[in-house]
Q: 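One structure, pasted below without further comment.
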Amino acid sequence: MAQQKTILRALAGERLPTPPIWMMRQAGRYLPEYRATRAQAGDFLSLCYNSELAAEVTLQPIRRYGFDASILFADILLLPQALGADLWFVTGEGPRLSTIQSQADFDALIPANGVHDKLAPIYETVRILRRELPSETTLIGFAGAPWTVATYMVAGRGTPDQGPAHQLKDENPALFQQIIDRLVDGTIEYLSQQIQAGAEVIKLFDSWAGSLKGADFDRYALEPTKRIISALKEKHPDTPIIAFPRGAGARYVGFAKATGADCVAVDDSVTAEWVAQNVQPDGCVQGNLASSHMVTGGENLVSETRRIVKALSGGPHIFNLGHGITPDASPENVQLMIDAVRSA
Ligand code: CP3
């Protein structure tokens, strides 16, 4: 049957006259309606686990802007929480987790197939969204990639250089590999259930892949991603997968082929022209407008947007930012970006 949704057409390798658009963190604090619903839920985690309200904030940017895709509202740290880690968010600072530093800490985690009770509200959010989204809007489910999630599980918080995770992988590679393996298995469980509930596309966020060099990049970014994708493809061959090894630089080249991903999302450290030459020949690419333009706006936003659309117009492209939109962005600049893409 002919595929109608634009995001699915791009992911299947089709070059479209106007690239479909969505934004990382499109449901977020830059929107007053998001802040109001989060206040109603109480706090961020309560919002994630409240299926009705999580569906509501997912729909807000679709209603306001008519994006071509919506991304399930949740967080990459819900999986470690379902695996038994304590998780809480400190307002204005970010996530905090109980840490994993010893074999005993690891042994206290629960098995990968035990995550579903805790994550059931997330699957319910997906089911609500499939009922309520406009028929032309694609629903993206997601998880963190194992390396990125492990950096939080080991350090117990976000870190500028992922130092604690690097230290553990270097000092106790066997323990670190067990963490990665549990995350690979848990992620396969989690994403399979998202797909069964109705997610049409999956995205894997490896936000800290850029701090892995050489063989470490292969072992901890590429290999776990490949294992997750091949397991998902076995069960759900028709669900496209977007990989986002943020900061991969030269390692973006060949990443889709090596992992089986249908699309590689690129950050703003590489130019769209370079991506067109080196990454897009292998298939669909997504990105790569610098998020800062959503704060500063104006002619620079419009010209950069047009430049990216033009540079990537020779192949399949999904327009997005290079990373998430920030709370200080202006909702008007989002509209300016969309108008620039659709009139480019
Ligand atoms: O993109 C979307 O709109 C979907 C929802 C989504 C969130 N987080 C909601 C969120 C997605 C896909 C994520 C992914 C995520 N979460 C990543 C990978 C992508 C990236 O940004 O690199 C990471 C590393 C996390 C972990 C996380 N969650 C951190 C470090 C923080 C605090 C930093 C910050 O921006 O405040 C969060 C909180 C978070 N996740 C918020 C949202 C909307 C803000 C919380 C709030 O509303 O108070």
Side-chain angles (χ1 to χ4, degrees), residues 21-50 53-62 64-65 67 69-81 85 87-97 122 125-126 129 139-153 155-160 162 165 183 187 190-191 194 199 201-211 221 242-248 265-269 286-287 291 294 320-329 334:
I21 313 170
W22 69 280
M23 284 192 320
M24 284 182 265
R25 293 275 170 97
Q26 64 190 18
R29 289 161 289 181
Y30 74 105
L31 288 179
E33 59 268 37
Y34 168 82
R35 297 194 297 267
T37 310
R38 189 186 59 181
Q40 191 189 339
D43 57 34
F44 171 66
L45 276 179
S46 307
L47 178 54
C48 290
Y49 288 114
N50 182 323
L53 294 183
E56 166 59 24
V57 293
T58 308
L59 289 163
Q60 286 168 349
I62 307 304
R64 192 190 260 257
Y65 300 112
F67 284 115
S70 67
I71 182 160
L72 164 69
F73 189 84
D75 198 85
I76 66 165
L77 300 178
L78 304 185
L79 179 66
Q81 187 179 34
L87 172 68
W88 66 103
F89 279 80
V90 179
T91 310
E93 291 189 31
R96 295 288 183 274
L97 296 91
I122 311 307
T125 307
V126 173
L129 285 167
L139 176 58
I140 303 174
F142 74 93
W147 162 253
T148 288
V149 177
T151 66
Y152 290 95
M153 290 176 85
R157 58 191 297 160
T159 45
Q162 297 75 60
L183 287 169
T187 303
Y190 183 34
L191 293 177
Q194 289 186 29
V201 171
I202 290 297
K203 180 165 177 184
L204 278 171
F205 286 90
D206 213 347
S207 305
W208 300 118
S211 76
I242 304 170
F244 180 38
R246 187 170 74 96
V266 292
D267 63 84
D268 62 4
S269 71
Q286 177 183 280
S291 309
M294 310 315 282
N320 204 307
L321 308 181
H323 199 197
I325 187 169
T326 52
D328 54 344
V334 175

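Heavy-atom basis, side chains included; hydrogens, waters and symmetry copies ignored. In listed order, ligands and their atoms are each counted from 1.
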Q: What's the shortest distance from atom 24 (C) of ligand 1 to any protein heavy atom, and which residue and atom give it?
A: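 Checked against all protein heavy atoms, atom 24 (C) of ligand 1 sits closest to Y152 OH, 3.3 Å.
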Q: Would you please say whether a donor-acceptor pair under 3.5 Å links the side chains of Y65 and W22?
A: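 Side chains of Y65 and W22: no pair found under 3.5 Å.
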Q: May I ask you to check if ligand 1 and R29 share an N or O to N or O distance below 3.5 Å?
A: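 By distance alone, the answer is yes.
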Q: Please work out whether any backbone atom (N, CA, C, O) or any side-chain heavy atom from C-beta onward of P95 is under 4.0 Å from ligand 1, and answer side chain, backbone, both or neither.
A: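 Contact part for P95 vs ligand 1: side chain (C-beta onward).
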Q: Verify the distance criterion only: is there a donor paired with an acceptor across the side chains of Q162 and W147 at less than 3.5 Å?
A: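 No pair is found: no donor N or O on one side chain lies under 3.5 Å from an acceptor on the other.
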Q: Between I122 and L78, is the side-chain contact (heavy atoms from CB on, under 4.5 Å) condition met? List the steps.
A: CA-CA 9 Å; I122 311 307; L78 304 185; 3.6 Å; yes
Q: On a heavy-atom basis, I'd like to know which of G324, S291, S207 is closest to atom 22 (O) of ligand 1.
A: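 It is S207 whose heavy atom sits nearest to atom 22 (O) of ligand 1.
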Q: Go through the steps for Q40 and L53 under the test side-chain contact (heavy atoms from CB on, under 4.5 Å), then give the verdict.
A: CA-CA 9 Å; Q40 191 189 339; L53 294 183; 3.9 Å; yes
Q: Considering A41, S70, A74, which one's heavy-atom position lies nearest to atom 7 (C) of ligand 1?
A: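 When every heavy atom of A41, S70, A74 is considered, A74 comes closest to atom 7 (C) of ligand 1.
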Q: Okay, side chain of T37, backbone of E33: is any donor-acceptor separation there less than 3.5 Å?
A: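 Indeed, once roles are kept as given, a pair shorter than 3.5 Å links the two residues.
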Q: Hey, which atoms in ligand 1 end up nearer than 4.0 Å to a heavy atom of Q26?
A: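 Heavy-atom distances to Q26 below 4.0 Å select 3 (O).
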Q: side-chain contact (heavy atoms from CB on, under 4.5 Å), that's the test. Do I242 and Q286 meet it? Break it down for me.
A: CA-CA 8 Å; I242 304 170; Q286 177 183 280; 3.6 Å; yes
Q: Please report which non-hydrogen protein atom sits nearest to atom 11 (C) of ligand 1, along with the residue it belongs to and the distance in Å to one decimal place.
A: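 Heavy-atom neighbour on the protein nearest atom 11 (C) of ligand 1: F142 CZ, 3.6 Å.
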Q: Just jot down the ligand 1 atoms closer than 4.0 angstrom to any heavy atom of L72, in number order.
A: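 Those atoms are 4 (C), 5 (C).
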Q: Are any of the side-chain heavy atoms of L191 and L204 separated by less than 4.5 Å?
A: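 A side-chain contact under 4.5 Å exists here.
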Q: Can you tell me the protein heavy atom closest to atom 47 (O) of ligand 1 and the distance?
A: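 I find the closest protein heavy atom is Y34 OH, 2.4 Å.
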Q: Relative to ligand 1, is T91 under 4.0 angstrom through side chain, backbone, both or neither, heavy atoms considered?
A: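 No part of T91 comes within reach of ligand 1.
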Q: Could you pull out the closest heavy-atom pair between Y34 and A27, with the gap in Å?
A: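 Scanning both residues, the minimum pair turns out to be CD1-C, 4.2 Å.
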Q: How close does the nearest protein non-hydrogen atom get to atom 14 (C) of ligand 1, and which residue and atom is it?
A: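 Ranked first by proximity to atom 14 (C) of ligand 1 is I76 CG2, 3.7 Å.
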Q: Which residue supplies the protein heavy atom nearest to atom 38 (C) of ligand 1, what is that atom called, and how far is it?
A: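 The closest one turns out to be F89 CE2, 3.5 Å.
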Q: Tell me, with the steps shown, if F44 and F73 meet ring-ring contact (aromatic ring centres under 6.0 Å, His included).
A: CA-CA 10 Å; F44 171 66; F73 189 84; 5.8 Å; yes
Q: Considering non-hydrogen atoms of the protein only, which is the closest contact for atom 27 (C) of ligand 1, and what is the distance?
A: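 Nearest protein contact, heavy atoms only, for atom 27 (C) of ligand 1 is D75 OD1, 3.6 Å.
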Q: Atom 48 (O) of ligand 1: which protein heavy atom is closest, and how many Å away?
A: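 For this ligand atom, the closest protein heavy atom is R38 NH1, 2.4 Å.
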Q: Heavy atom of H323 under 4.0 Å from ligand 1?
A: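 Yes, that is the case, since the closest heavy atom of the residue is under 4.0 Å from the ligand.
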Q: Do the side chain of S70 and the main chain of T58 share a donor and acceptor less than 3.5 angstrom apart?
A: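 No; judged by distance alone, with no hydrogens or angles, the pair does not exist.
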Q: Which residue holds the protein heavy atom closest to atom 42 (C) of ligand 1, what is that atom called, and what is the gap in Å?
A: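 Here the nearest protein heavy atom works out to F44 CE1, 3.5 Å.
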Q: With a 4.5 Å cut-off on side-chain heavy atoms, are V334 and Y30 touching?
A: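 Contact flag for Y30/V334 side chains = yes.
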Q: How about Q81 and Y49: does a side-chain donor come under 3.5 Å of a side-chain acceptor?
A: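 Side chains of Q81 and Y49: pair found under 3.5 Å.
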Q: Need the ligand 1 atom indices (1-based, order shown) with element for anything under 4.0 Å from a heavy-atom of A27.
A: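 In order of number, 3 (O), 43 (C).
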Q: Atom 33 (C) of ligand 1: protein heavy atom closer than 4.0 Å?
A: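 So atom 33 (C) of ligand 1 lacks protein heavy-atom neighbours under 4.0 Å.
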Q: Taking N or O atoms only and a 3.5 Å limit, does W208 qualify as a polar contact for ligand 1?
A: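 It does not: no N or O of W208 is found under 3.5 Å from an N or O of ligand 1.
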Q: Considering distance alone, does some N or O of R25 sit under 3.5 Å from an N or O of ligand 1?
A: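 Among all N and O atoms of R25, at least one is under 3.5 Å from an N or O of ligand 1.
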